[in-house]
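Just so it is clear, the model here is predicted, and its values are computed rather than measured. Residue numbers count from 1 along this sequence.
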Amino acid sequence: MLFALLEENDPAIEAELRAANASLAGVHAEVKRALGTGEGRISECILLTPRLRKCGGRAGAHAGDQEIEPIGVFAAIRGEWGGV
């Protein structure tokens with residue numbers, strides 16, 4: 001999910017990364033390296049793991065009554081602190 005968010009080039013996410021002294025390109029490259037190339041994978045679907053559901057819940061709470069925005073999903077992922 002983080003990889004897809006970074007490909008969106010959302011200005012709010014880019015600002016958050018700059019504030020953390022990180023670059024969009026650098027984080028994107030690190031996530032890509034951690035994920036691998038994807039060769040040999042047979043599924044194109046997103047696996048709804050417990051952590052993904054937790055992130056979705058946090059993003060929804062962040063949005064409140066508004067539509068969930070990419071920055072809310074990014075904040076939920078950052079809140080996990082579980083690695084790339």
Heavy-atom distance under 4.5 Å between the side chains of [X] and [Y], does that happen here?
X	Y	answer
Phe74	Leu17	yes
Ile13	Glu8	no
Leu5	Ile77	yes

Pairing residues for [X] by the side-chain contact (heavy atoms from CB on, under 4.5 Å) criterion, not counting sequence neighbours:
X	result
Ala29	none
Ala63	Ile68
Ala76	Cys55, Arg58, Ala59

Sorted by chain and residue number, the ring pair (Phe, Tyr, Trp, His ring centres under 6.0 Å) partners of His28 (sequence neighbours excluded) come out as Phe3
Applying side chain to side chain donor-acceptor pair (under 3.5 Å), which residue pairs with at least one partner in residues 61-76 are found, sequence neighbours left out?
->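 Every pair satisfying side chain to side chain donor-acceptor pair (under 3.5 Å) with a residue in residues 61-76: there are none.
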Find the distance between CG (Leu2) and CD (Glu30) and round it off to the nearest 0.5 Å.
->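 That separation rounds to 10.5 Å.
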Partner set under salt bridge (charged side-chain N to carboxylate O under 4.0 Å, His left out) for Glu16, not counting sequence neighbours =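 Glu16: salt bridge (charged side-chain N to carboxylate O under 4.0 Å, His left out) contacts with Arg78.
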For Leu24 and Leu6, work out which heavy atoms get closest and say how close.
->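 That would be CD1-CD2, 3.5 Å.
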With sequence neighbours left out, what residues match Glu14 under side-chain hydrogen bond (donor to acceptor under 3.5 Å, both in side chains)?
-> none
